[in-house]
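Step one of this worksheet: look at the structure below.
Every chain is numbered from 1 and lettered A, B, ... according to where its sequence line falls, protein lines coming before strand lines.
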Amino acid sequence: MKPFPRSFYERDPAKVARELLGKVLVHRSPEGTTIGKIVETEAYFGRGDPASRASRKRTKLNELMWWRGGLAFIYMVHAKWMFNVTVEREGTPGAVLIRALEPLDGIELMKSRRGVEDKKLLTSGPGRLTQAMGITYDHHKMDLTRSRVLTVLDDTFTNFKIARSHRIGVSADLKRKLRFFIRGNPFVSK
DNA sequence: TCCAGGATGTTCT
DNA sequence: GAACATCCTGGAC
């Protein structure tokens, strides 16, 4: 297992969102290592995508969407951290939101960070998984293709079917279905 | 300095 | 499925 190269990320957001399913997110923190399989993602574009933070003016908060692919893009919604990966080449905005993981390792650490025992409640939502994995704004701009701390590894989880739907929690969505998830996986958020 | 809003989560019915 | 707790951010003053 090794990290994806930048060329994996510098492509169409929907394509990257779909191909991130079944891949493995690793966070090596001072408290310990937590690992989860990605089971749910959403793609966000730039101009013309009303749900995207890049459809508005470029600011300090959203500018990472214009940067090169493969970087951790983190922001807060409803007092919860959201973990995204930048996609597309520098100058073209795009990001993929990681919405849910299946816990693989470091489960006791996830439980103590979340304050719950139920494994199903650890990482089945974008705010839940950042808390369980210990991901905060400290990881903003981190390069997932190079970092040893936070990275996405290629893996061999291929035995699953992909389903798609409209994105969740957005007030105005595109016609395209841009939420991807592993069909039947119990850790998908809805 | 104030304050509305937001790619949510939890706890109710 | 609906109410509401949560809290940071940037723009409005």
What integer distance in Å separates [X]:[atom1] from [N]:[atom2]?
{"X": "A:His140", "N": "C:dT9", "atom1": "NE2", "atom2": "P", "answer": "11 Å"}
{"X": "A:Phe180", "N": "B:dA7", "atom1": "CZ", "atom2": "C1'", "answer": "15 Å"}
{"X": "A:Lys190", "N": "C:dG1", "atom1": "NZ", "atom2": "P", "answer": "10 Å"}
{"X": "A:Asn62", "N": "B:dG6", "atom1": "CG", "atom2": "C1'", "answer": "14 Å"}
{"X": "A:Leu97", "N": "B:dG6", "atom1": "CG", "atom2": "P", "answer": "16 Å"}
{"X": "A:Arg58", "N": "C:dT9", "atom1": "CZ", "atom2": "C1'", "answer": "19 Å"}
{"X": "A:Asn84", "N": "B:dA7", "atom1": "CG", "atom2": "P", "answer": "11 Å"}
{"X": "A:Arg53", "N": "B:dG6", "atom1": "CZ", "atom2": "P", "answer": "9 Å"}

Closer to the 5' end of DNA chain C via nearest nucleotide, is it A:Thr59 or A:Met76?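 Going by which nucleotide is closer to the 5' end, it is A:Met76.
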
Pairs counted only when both distances fall under 3.5 Å, Watson-Crick or G-U: show me the 5' to 3' dot-bracket for DNA chain B, [ ] for pseudoknotted crossings and | for other-strand partners. ||||||.|||||.

Taking A:Glu42 as the fixed residue, which of A:Arg99, A:Arg18, A:Arg167, A:Arg176 is the one that meets the salt bridge (charged side-chain N to carboxylate O under 4.0 Å, His left out) rule?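 Between A:Glu42 and the candidates, salt bridge (charged side-chain N to carboxylate O under 4.0 Å, His left out) is satisfied uniquely by A:Arg99.
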
Got a sec: does the CZ of A:Arg89 have more than 12 other heavy atoms crowding it under 6.0 Å? no

Using a 4.0 Å heavy-atom cut-off, does A:Leu61 contact any base of the nucleic acid, only the sugar-phosphate backbone, or nothing at all? sugar-phosphate

Using atom types as modelled and distance alone, determine if a side-chain donor or acceptor of A:Ser112 lies under 3.5 Å from a backbone N or O of A:Leu109. yes

Between [X] and [Y], does at least one N-O distance fall below 4.0 Å, as a salt bridge requires?
{"X": "A:Arg146", "Y": "A:Asp143", "value": "yes"}
{"X": "A:Glu40", "Y": "A:Arg179", "value": "yes"}
{"X": "A:Glu31", "Y": "A:Arg113", "value": "yes"}

Is the positively charged end of A:Arg53 above the ring of A:Tyr44, judged by distance under 6.0 angstrom from the centroid and angle within 45° of the axis?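 Geometry flag: not set, cation outside 6.0 Å or 45°.
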
Just checking, is any N or O donor in the side chain of A:Thr33 or A:Arg28 under 3.5 Å from an acceptor N or O on the other one? no

Would you call the rings of A:Tyr137 and A:His140 parallel, tilted or perpendicular, where under 30° means parallel and over 60° means perpendicular?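 Parallel.
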
For nucleotides 8-13 of chain B, list the nitrogen or oxygen atoms of the protein found under 3.5 Å from its nitrogen or oxygen atoms, one pair per line.
from, atom 1, to, atom 2, distance (Å)
B:dG9, OP1, A:Pro126, N, 3.2
B:dG9, OP1, A:Gly127, N, 2.7
B:dG9, OP1, A:Arg128, N, 3.1
B:dT10, OP1, A:Arg114, NH1, 3.4
B:dT10, OP1, A:Arg114, NH2, 2.9
B:dT10, OP2, A:Arg128, NE, 2.5
B:dT10, OP2, A:Arg128, NH2, 2.3

